[in-house]
Amino acid sequence: MNPIHTIDYIRILPELMLTAFGIVVMIADPLLKPGASRKSLGLLSLAGTLAAIAATFCQIAWLHRDASLSDPGWFGMVRVDSFSIFFHLLIPAISAICILMSLEYLDAQNIRSGEYYALILFGTVGMVLMSSAVELVLIFIALEISSISTYILAGYRRRSAGSTESAIKYFLLGSFATAFFLYGVAMIFGATGSTSVLKIAASLGDNPGLLAIAATALMIIGLGFKVAAAPFHVWTPDVYEGAPAPIVALMSTGPKAAAFAVLLRVLFATTSAHWFPLIWVCAALSMTLGNFGALMQNNVKRMLAYSSIAHAGYLLVAFAASNDIGISAAIFYTAAYAAMNVGAFAVVSHFAAGGERYVSIDDYSGLGRRSPLLAFTLTIFMLSLIGIPATAGFLGKYYVFTAALSPSAHPTALVWLTVIGLVNSAVASFYYLRLIVVMYMREPVVAEAPAPATGFMRLALVLAAIATIYLGVIPGKVQDLSVAGAHDLSPTGTPVGALPPGTQTTMPVAITQAK
Amino acid sequence: MLHQVLFIVFGLICVAGAINLLVQRHPISSALSLVVVMASLALIYLLLGAEFVAAIQLIVYAGAIMVLFVFVIMLLNAGAEERSRGSRVALFLGVPGVIVLAGTVAWLLITGSGHLGSVTIGASDFGETHAIARLLFRDFLLPFEVTSVLILIAIMGAVVLGKKEN
Amino acid sequence: MNDSILTLVTFVPAVGALALMLMPRNDRALRWAALIISIATFGLSLLLPIYYEHGRSGFQFEVNHNWIGQTIHYHMGADGISMWLVLLTTLLVPVSVLVSWKSIHDRVKEFFVLLLLLEMAMIGVFLSLDMFLFYVFWEATLIPMALLIGMYGHERRVYAAVKFFLYTMVASVFMLAAVIWLYTHNPQHNFEYDAFRKIISSGAVSPTTLQWLFLGFFIAFAVKVPLFPLHTWLPDAHVEAPTAGSVLLAGVLLKMGTYGLLRFNVGLFPGQAAYNSTWINVLAVIGIIYGALVALVQPNLKKLIAYSSVSHLGFVVLGIFSLTTIGTDGAVYQMLNHGISTGALFMLAGMLYERKHTYEFKEFGGLATPMPVYATFFLLAVLSSVGLPLLNGFVGEFLVLSGTFQSAVPHHVLFAVLGTSGVIWGACYLLWMYQKVFYGQIHHSENKTLPEIDRRERISLVPLVVMSIIMGVASPYWMRSIEPAVTSTIERVAGAVKAQAQKHVVYRVAESVQTHIPAVNKSSAASPVQNDSTTGGQK
Amino acid sequence: MTKNLHLWVIPLLPLIGAAINGLFGRRFKNAMVNTVALLFTAAAFGWAVWAVLSIWPGGSTPYIETLFPWITAGSFSAPFGFYLDQLSMIMVLVVTGVGFLIHIYSVGYMAHEGGYYRFFAYLNLFMFFMLTLVLANNYLLMFVGWEGVGLASYLLIGFYFLKDSAADAGKKAFIVNRIGDFAFLVGMFLIIQHFGSLNYETVFSKIAQGHYATEAGWGFFTITALCLMFGATGKSAQIPLYVWLPDAMEGPTPVSALIHAATMVTAGIYMIARSHAIFNLAPHALEIVAIIGCLTAIFAATMGMAQTDIKRVLAYSTISQLGYMFLACGVAAYSAGIFHLMTHAFFKALLFLGAGSVIHAVGGEQDMHRMGGLRTKIPVTFWVMTIATIAIAGIPPFAGFFSKDQILGAAFHSPYGGPVIWAIGLITAGLTSFYMFRLWFMTFFGEYKPGSVDVGEEAHAASAPAHAGHGAASHAHGHADDEAHGHGGVHESPWVMLAPLVVLAVLSFVGGWVGVPQFLGGSNHIEHFLSPVMQSGPAVSGEVSSTGSEATPSHADEAAQEKPGEELLLAGTSVGVAVLGLFFAWLLYYKRPELPDRITSKMHGIYTMVLHKYYVDEGYGAIFVKPLLALSTVVLWRGVDQGVIDGLVNGAGSSSKGIGNELRRMQSGNIRSYAAWVAIGGAVVIAYMVWMGVTK
Amino acid sequence: MVPLSWYLILSAVLFSLGIFGFLLKRNIITVFMSIELMLNAVNLSFVAFANYWHAHPMKFSDGTSVVPLSGHVFVFFVMVVAAAEAAVGLAIIISVFRTRETLNIDRVNLLKL
């Protein structure tokens, strides 16, 4: 008798797709002649990500047929629910766009190797797995897969000292943090006798022992590092500055989203009473440090790095709210942030040109005249990062603060957090605005005009821009999915009244009721 | 009784090795002291009745990983490290921080020791390899398979980063 | 047709902007296209007063669809107040297009696209009845205006643009917080204006919280108006902005602030409006006098007009927070007047700039000789903003002040008298300006040959001048639709005040429970009522 | 209801004229321009006469017609409505009549000026506003005219806008008037608040119903009355707001005649007379009006004595005479005030036009020292001026005498006046006749001594570019043009200018006869004519004043019926004083022309002070204007605006940048430091959470 | 009979010694070694806990019982990961050495502020 059933393979279908394509790319690479461009492999891996997305849709369809798919599979290793589905759609999409921009970038940097794409695909496997894994062993391995692949990719421009330095920094500090996370896992295993999130959640209950609390703390440290939340954010600016732009686009969104997913799973296995003040402080610190740090930056990548710290802070505000609205807001925010940030880095990676020469803000002077498309899309992304209405950024922030202000266990503290957040976003508008200002209101300083963007890059830009606007104007579907995800994740059922704007009781929620 | 003696002995060797890893200035000596730590840890695993773990501890860690380390040290013929003062933060913030951290954990474990109880020399059926094998290839099949991806990445990474520029 | 007209009026400019984006970079064609689109919008908006049921309070032409889920709606509607502001907008935009005909020759496409987007956003602000939608439009006005200033402005344009952006941005996040709070405590889980009004009037919200919410809205609008201590972005923005930018900034964007004060601070929080009216009136009066005095000593034509706006909008705020029908009628009317007269002034200043490339008074003088027609237009604009009877300015000022005189706000007589002194200051700085520019000998020989304004410029000026005369003579035509809207608002204030006065005891009880209700609250809640009884028999 | 008079036509006609000239005048020939202007003014005059005759005598007054609402808000509503009663009859006739004459005069006077069409457009515009003012049926519409005439005078004073002095004068006039208007507005607000309306009939009928006792103290009526009074001081150039009128002489002479003598400046008097119902309830206000009136009268008279500019002499005399009218109102002898207003309109207009004719004759010269002996050269002007001078000096049987005498009589008897006020008035009368005859002698007697420097010349030179430009404005009385046209030297004015003079001369002669008091065997027609409008001053006993419709003769009149002898005595005194003034003038400026210099050198201090108009302008400048500008610049603009507020704003920006800079130092770039941060953070986290767990 | 806490404290001590190593060693390779030390410490507690659960079996709320050996399995995976990390890490170290000609971690600070 074979204990593994077909449905189990459906549960990991996207991962399988990605892995398969990854291997194909890996095998195909030596077949191409050394000096040649690896565009073809890029397209292949693009197909891989699309296949993964398609696979996820298969999962949705399957869920409609029988809800048992959402039971934990592989002996309680993975669980397919609207939460995991959300990230299985989001993360491959991110990778897809990053691959699109890499097609141009690699040629510009004169990097000719297919492993790059394979690594992106394998990394994606890790990330998506993080979102669906419910067993700490698997979570750990998935985490390592995504981390190690990004370590390598960060150092991919081997000739550049900056790139290798960012790789080593990311690697050492990353493994350092991983050790903390592991120690936490060990303790939780000691405290509960299990490493399955579901069992842990069940056995901890409302009043876990000190050991479990310490374990949670250690895991928060490890994951807080991965999501670049203060005070574990210090690595971010250096690593982002050194790493290749498309990879920054990836690692500032994909692994981050995945890590947030894990953080959600882990945190909401215990009651919020213990970690609320902690997350509160982290949120406030991240927003403030991030925004104020960014004020004085002249390097665009570094500036965006600080901004990503700040955005992690906004996300943590939603955590602090620690109610279903908060969870869904956080889930939605990951998507919103991904859309705009990937877009921004797409522009950066195109504009940086060979050897990433042009990354200082002043280099962007007069871009409005030289390449209107680039300037226009970048403007959209900046406005979204500021949080101007009708963009993803605004809706993300709006949901977050809605969560913070809606009735909860700690109303006053959350009101203050909201105020801090809003003031921060006002401060932030200054440095995002700087970029718009130089693009449209200053005359060019760089002698050579930026090279025209290739079709793929244009596609990447336009897709990101569309996503940003879409999430800002008609986020209904995404919002529903995030709400459903929150619903599936949260230990308690959700009173429909408390659902955030745009909630309709649609498919995914239906699943969970079916269970 | 014997158990305690053995634990204390090997435990002390562990700590000594670890400390030596810190104080030694040449990477090779640090590496060797790390090997010492791992070996003694293997023995402690045996005390805990984890034969399989003890075995792979020696084979994988001491055998494979540390050899890799030594190999790299040789390759880059790293000399004795100079005591550069790159980071005052590490000294004045980090060290106290670690002490607090360790202190908290230790205190927690000591106070908790009461209900944590004690450990025994492993029963015969515990920790033996085929039991682990059952677990590994059935319940933990998926992680096991996924590890292959991990290793694939590692290989690729090593190749990509290691190979000479052309 | 009735339910689609607002959507049309709002989004025709946006569609036009899209079309412009896709057009080839042929400046002439772009200009004409922009002109035609904006005039078409104006034509559409003319349908509003035609089909509007005058004399009925409440919103008309309402359109309400779900936008994001069931909670965020696309809900628009016009009442007597917003309708006329929309018309003001649609009137000023074609005019601004005309006025930028020659002055904008670089990046023409972007310019007109931004202009049309700005129009869309401004109209949306006045029409939205869903607070979320409102906030979206509110913020949406920010970008095009900032870009217009920053891309097409003068020397210190970047500083001005950033200052404008940050000032408004910082202020409006507080409004956002207030809106979200109201939403999260709204049992209906939507952003409907009426729903919010219900929550607040239900008395479920504690006075302290109400006060914070009120301030949240107030700060956002006060910056936009701009009210006295928050006004310093205005002179910079105006001086640096291109003519069209100044016209729309002064003509419409500032009105968004006063409109917000009336529609939301007074409309949503009648009780708090009464409670806070005193110090707001103080600020308004300070604004009137301060703006005038500072305007009096400006060496720069545009700066002078900018500060005069501070003074004029002081009148508007004073009128709104007199919380009387007459005063508020006047305030609304004054919004329209200021849009027209100050818009005209900025256009005229711009025409001068096109000829002289400076706004400094010392460069002018004696211009009445080379350009008499121009001088005549200028005189009319000046007179209408001096508030000369039979021109529009007077009606508004008169009503505002007499409203303040009859108001129930403490110290209202003082406010009224100080406000009335504005008529003196207005005459001082405006006539001083006129003399500096047009009278006396010509000191700069090149001024002797300044070309007279051409046909296009006259055409762009005529509508405003004509309007300022018509509105000065036939105000009842506007009042009949403005007044019902205003009355309903003001009645709510009175009602809320009475209610508070009755609940006043309850408050005291509540206070003993939770101590942090400002002590003044009780007295202020009651005092307007007493004044109510005492007014009329002032002596 | 009598037949519809369509009063609205009366103001509308000049407006049309103004519009036509204003819009198309530039393309017209002068002939065309003045045809239009005269046509519409004449039509207005005609219509006015017809309207008056059609309801008087016999018709029911007041005649009210309401066209359509102008401002409506809440309970308040002010219509476009017109109101014709005896008071406005007089006013409308004076305005249209004198206005028409001055239009004719201007045709000649302005013949060679640039901006001819502009001048007549403004003039018609003025007529429109002035007629609106006097015909309005509510205060708000009156205010329209009130402000409008201000505007017209602003434009006309600044007619020669190339001259900075002219531009300044215009601005000054408008702003000073605005200060008055401010009070007027406040007054209106009070009325609205109290009566809920600004319509005359509403307000006055409410008062007439007699619910209001005469205020002993400082009540609503007193304050309202004072506000209105202050408004009037602006328009009618009374202390403290008279300063604009002398400067207003920068305008062309016909303007001075029409606006600054005959009509506009009397608007204040009209307004007070119109609101007599309110004033009657406010004794304090009346007293103040009286005091201001007589102070202004004497004050201006003294200043008039020292002036050498012919027009300025007349300007101060105007202020002084207006003081008289104020005095009249102050002592509740409104009809007397209106009477004087009328006669003054005649002779003062005549004086100005005459002066204009003189100036015209001597080529733009205005300094009387440079005139003299013109008696023979311009006989017609001389004779009409003589009549006017006698009239204003108050020598019977000329117009001035009767009106002035009534005022003095009233002042003497009235509870608000009394001997002191009367005495001051009397002295003023003396001074008036003195400086008027001084003017007369200096101008027409002695020998002609044209000045070495011709002010006109240089000013004209200055205005040359204007002609180059487009000839909108030329300098005052462009006499260089005249010379260019060939007829230089002293010459009599053309008939088109003289004819109005003659007409006015006749009026100044006979104009007073409508008001011959009883004790001179007359039957004070004017008073009886006005009596339906005017009710008497409040009974001293403070009893509720009776309704306005029925005629109650004024105190002066009652007194007259009691003891004519005293009246005769009073009249005699005033005549005597006038003659005295004449004598001194004769002595100083005809018989012994050197005396004045000696006197002035003797009492030099006083003389210079008087010459410099008591330094009032300088005083105002030093006390109000300069400090205000300094405050605005230094404190408000540079200080508060740029210093404090912008300082805070920019400071916030830079300080946050500073914070950012500090925070960046966390990023030392050293991996071990970063690890340290992580470690310390971790330590805090775990310590905190365990501590929380324990304390739970 | 050895109290479990002794093992745990030993692992804690090793763990903190590992951190100290990271903070104080300058040679990148040694720093990396200290990370390995930390992982070993973690493994020790895993094994110790596994042994503990073996000694004190218990049932979960869902009826399944504790699987002590999963601790051992976890250790196995940690080792695998460690191996992978070692391979990658050392490769990265090599490429750093190629670009910077140094293994002193204090000198690897181009990217800062």
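All values derive from a computational prediction rather than experimental measurement. So you know, we letter chains A, B, ... as the sequences are listed, proteins then strands, and number each from 1.
For the pair D/Ala676 and E/Leu23, the tightest heavy-atom approach, listed with the atom from each and the gap, is N-CD2, 3.5 Å. Taking each heavy atom of E/Asn109 and D/Asn670 in turn, the nearest pair found is CB-N, 4.4 Å.
The side-chain heavy atoms of E/Arg26 and D/Arg672, taken from C-beta on, include a pair separated by under 4.5 Å.
Residue contact with chain D, scored on non-hydrogen atoms closer than 4.5 Å, involves the backbone of E/Leu111 exclusively.
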